[in-house]
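Right, one structure below, let's go through it.
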Amino acid sequence: MFGARGLCHVSAADVPAAVSLRAPIPAVLRSAARSGLHVRKPTFHRRRPSSFVCCTAAKDLEATSVSGNGTSMHHEVPTPKLSTAAVHGGERAGRPRVADTLTTPIVQTSTYFFRNTAELIDYNEGRFDSFEYGRYGNPTAMACEAKIKALEGADDCLVSASGMNAVTSMLLSLVPSGGHIITTSDCYWRTRQFMQNFLPKMNVGVSVIKPNDLEALQLALEQHNVTLFFSESPTNPYLRCVDIAAISRLCHAKGAAVCIDSTFATPINQQALALGADLVLHSATKYLAGHNDVLAGALCGKPELVGKVREFHHIMGGVVDPHAAYLLLRGLKTLDLRVERHNKSTLEIAKRLEQHPKIDRVWYPGLESHPDHAIAKRQMSGFGGVVSFEVRGGLQECISFIDNVKLPYIAPSLGGVESLIEMPAVQSYWGFGPEGRAKIGIKENLVRFSIGIEDVNDIWNDLVQALEYVP
C-alpha cells in the first residue's frame with residue numbers, strides 16, 4: 001500500500017483487502033492525510049489488480065500486453081534460467097500486501113516501476129499517485145514527514161539526511177543572491193560557519209545580533225533588504241530563548257520570513273509556528289529520533305516555502321535513508337514520554353547545580369537566573385533536556401571534572417536516552433584557540449550536559465563525585 005501517497009494515515013483495518021501495492025488514493029484520503037484525520041471505510045478505485053507472490057518464476061515473467069479494445073493479452077514465455085529466476089522470481093508479478101502490518105514498513109528501494117507507458121503518463125499528469133525515484137520521495141520517509149507535520153501543526157514537512165542538510169538547503173533555496181540574513185550570536189558553530197564563511201561567496205549578506213536585541217533587529221531590517229531571520233531557540237550552548245512572537249511581527253512587517261531551529265525545544269515544549277514563525281527546523285538526529293542512532297533533519301512550515309526547499313532538495317540530494325526514516329518514525333512515537341522525563345530531570349539537576357559551591361554559573365531557561373526565563377516561561381511548556389554550566393576555575397579544572405564523570409559519555413550531540421557531556425571549548429571550538437573562543441563567547445570552563453532518561457539521583461551522584469576532583 002505504501003506506493004500510494006498519504007496512506008500512512010489510514011488504519012490497516014480500513015483498507016480493502018483487494019487493494020494493490022500502488023493503488024491510487026482518492027482525494028478524500030489525501031485530504032485526510034494532510035489534516036491528520038482518520039478516515040473509515042474508504043472507497044478505492046483500483047487501478048491495478050491485486051496480486052500475490054507467484055509460485056513460479058515463469059509466472060512472474062509472463063508477458064502481458066493490452067489490446068486495442070483494452071483487454072489483456074497474455075503470452076507464454078519459456079521457463080527462465082536460474083540466474084533470471086534469482087533476480088525476478090517471487091517479485092516481478094507483485095509483492096505481498098502490507099496493509100495489515102502494525103508498523104510502517106521500510107521501503108528499501110531506490111526506484112519504482114510502472115506497468116506500462118500509459119500508467120507512467122497518468123503519473124506524470126497527476127492521475128496516478130505513486131513514486132518515481134528515491135531522491136523524489138519514499139513511503140517510509142513520507143510517514144515521518146506526516147508525523148512531524150502533525151506534531152508541529154504544519155502544512156508541509158520535508159525530512160532530509162541531517163540537520164545541517166536541512167538548514168543549508170533551506171538557506172540556499174530561500175535566500176537569493178543579493179539577499180540578506182539576520183541571525184543570532186549564540187548558535188551551533190557549523191551553522192555559523194556556513195552563514196559567515198560560505199554565504200558571502202554567493203553575495204548573501206549576514207547580520208549577527210544578540211538574542212532578543214529587538215532594537216538591533218529593527219535596525220538591521222531597516223538597513224538591509226532582509227530575506228530571512230534565522231535563530232535557534234533555545235540556542236546552543238547558552239540556551240538563549242528568542243521572543244518568537246515579537247521577532248515574527250517585526251520581520252513580517254518588512255517582508256522577511258522567520259525560521260526557528262527548535263531542536264533543543266522539540267514540538268512537545270514549543271510550537272514555533274503557532275507563535276508566528278514561518279518555518280521550524282529540527283536536527284531530527286537529536287530528540288525526535290532520540291536514541292543516538294540516526295542522522296536526519298526536518299523542515300516544517302508554509303507549503304510555499306517548504307516547496308521551494310523540496311525542489312532544491314530534489315536536485316541536490318541529501319535524502320534520508322529509508323531505514324533511518326523508520327528509526328526516526330519509531331523514535332517519534334515515544335517523543336512525548338521521553339521529553340517529559342528530560343524536562344523533569346534537567347530542571348532538578350539545574351537547580352542542584354546552582355547551589356553547588358564548585359559551579360560558577362548555570363545556564364538553563366527553566367531557572368529564574370537565566371536571562372530569558374520570562375520569555376521561555378511564556379512560550380515553552382517545558383525547558384528541555386540540556387543544561388550548560390561553568391565549573392569553578394578554568395580549562396584544566398573543567399577537564400578534571402569532565403574526565404572523572406562515570407555515567408555520561410564524553411561525546412557531541414544531545415537529545416538521546418543516554419546522557420552526553422562535553423566541553424564546547426574542546427569538543428567544537430578547540431581549533432579557534434583561546435582568543436578565538438573568547439571572541440565568540442565560548443568560555444574555557446563551560447560544560448554542556450545533555451541529560452538522558454537515567455535515574456535523576458544516579459546522574460546527580462555522579463556529578464557530585466566528579467566535582468570532588470575540581471580543586
Side-chain angles (χ1 to χ4, degrees), residues 1-10 12 15 19-25 29-30 33-34 36 47-48 91 94-99 101-115 119-120 122-124 126 128-152 154-166 169-170 173 281-285 288-289 291 293-300 303 306-333:
M1 302 301 297
F2 284 82
R5 185 178 302 276
L7 197 57
C8 54
H9 291 272
V10 182
V15 179
V19 176
S20 71
L21 286 174
R22 291 172 63 195
I25 303 303
L29 287 188
R30 289 197 296 270
R34 287 192 291 269
R47 182 176 298 275
R48 290 185 179 177
E91 294 184 289
R95 311 296 198 267
R97 290 184 299 109
V98 295
T101 62
L102 180 64
T103 58
T104 298
I106 303 171
V107 182
Q108 193 72 45
T109 188
S110 61
T111 192
Y112 305 84
F113 72 92
F114 296 87
R115 291 293 180 93
E119 187 173 86
L120 176 55
D122 283 346
Y123 169 80
N124 287 334
F128 179 70
D129 266 341
S130 186
F131 296 85
E132 179 186 4
Y133 186 63
R135 185 154 36 86
Y136 307 143
N138 175 276
T140 314
M142 182 173 287
C144 278
E145 291 169 346
K147 193 178 290 290
I148 297 171
K149 183 172 68 172
L151 288 168
E152 285 289 3
D155 292 324
D156 200 0
C157 177
L158 174 65
V159 170
S160 58
S162 69
M164 279 306 299
N165 180 268
S169 295
M170 183 271 296
S173 55
L281 186 143
H282 292 276
S283 172
T285 305
L288 299 193
H291 292 78
D293 56 5
V294 171
L295 289 177
L299 180 70
C300 300
V306 177
K308 289 182 180 179
V309 181
R310 181 176 284 108
E311 290 178 8
F312 180 83
H313 182 259
H314 286 174
I315 297 169
M316 298 301 292
V319 180
V320 67
D321 176 76
H323 187 252
Y326 172 79
L327 292 174
L328 172 57
L329 192 64
R330 185 177 66 170
L332 285 165
K333 294 182 180 183

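Heavy-atom basis, side chains included; hydrogens, waters and symmetry copies ignored.
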Side chains of Asn165 and His313 in contact at under 4.5 Å (non-hydrogen atoms): yes
Salt bridge (Lys or Arg N to Asp or Glu O under 4.0 Å) partners for Asp321, two or more places apart: none
Those residues that, when tested against Glu152, pass side-chain hydrogen bond (donor to acceptor under 3.5 Å, both in side chains) (two or more places apart): His282
For Ala324 against Val320, the heavy-atom pair lying closest together: CB-CG2, 4.0 Å
Met164 CE: over 12 foreign heavy atoms closer than 6.0 Å: yes
Any Ser169 side-chain heavy atom under 4.5 Å of Met316 side chain: no
Sidechain-backbone polar pair: Thr111 side chain, Tyr133 backbone, donor-acceptor under 3.5 Å: no
Distance-minimising heavy-atom pair for Ala289 and Leu328: N-CD1, 3.7 Å
CZ-NZ distance between Arg330 and Lys147, expressed to the nearest 0.5 angstrom: 13.0 Å
Exam field: side chain Thr140 to backbone Pro105, donor-acceptor pair closer than 3.5 Å: yes
Closest approach of Cys300 to Ala154 (non-hydrogen atoms, all atoms of both residues): CB-CB, 3.7 Å
Candidates Leu299, Ile315, Leu158 - the one meeting side chain to side chain contact (heavy atoms under 4.5 Å, CB included) with Arg310: Leu158
Distance, nearest 0.5 Å, that separates CE of Met142 from OG1 of Thr104: 12.5 Å
For the student: nearest non-hydrogen atoms of Asp156 and Gly307, plus distance: OD2-N, 4.2 Å
Nearest non-hydrogen partners of Leu332 and Cys144, listed with the distance: CD1-O, 4.4 Å
Straight-line distance of Leu295 CG to Ser283 OG, nearest 0.5 Å: 8.0 Å
Residues in ring-ring contact (aromatic ring centres under 6.0 Å, His included) contact with His314, at least two apart in sequence or another chain: Tyr136
Side chain proximity check, Asn138 to Tyr112, heavy atoms < 4.5 angstrom: yes
Any side-chain heavy-atom pair of Leu327 and His291 under 4.5 Å: no
Phe114 side chain reached by Asp122 side chain, heavy atoms, under 4.5 Å: no
CG on Leu329 to CG on Leu288, rounded to 0.5 Å: 11.5 Å
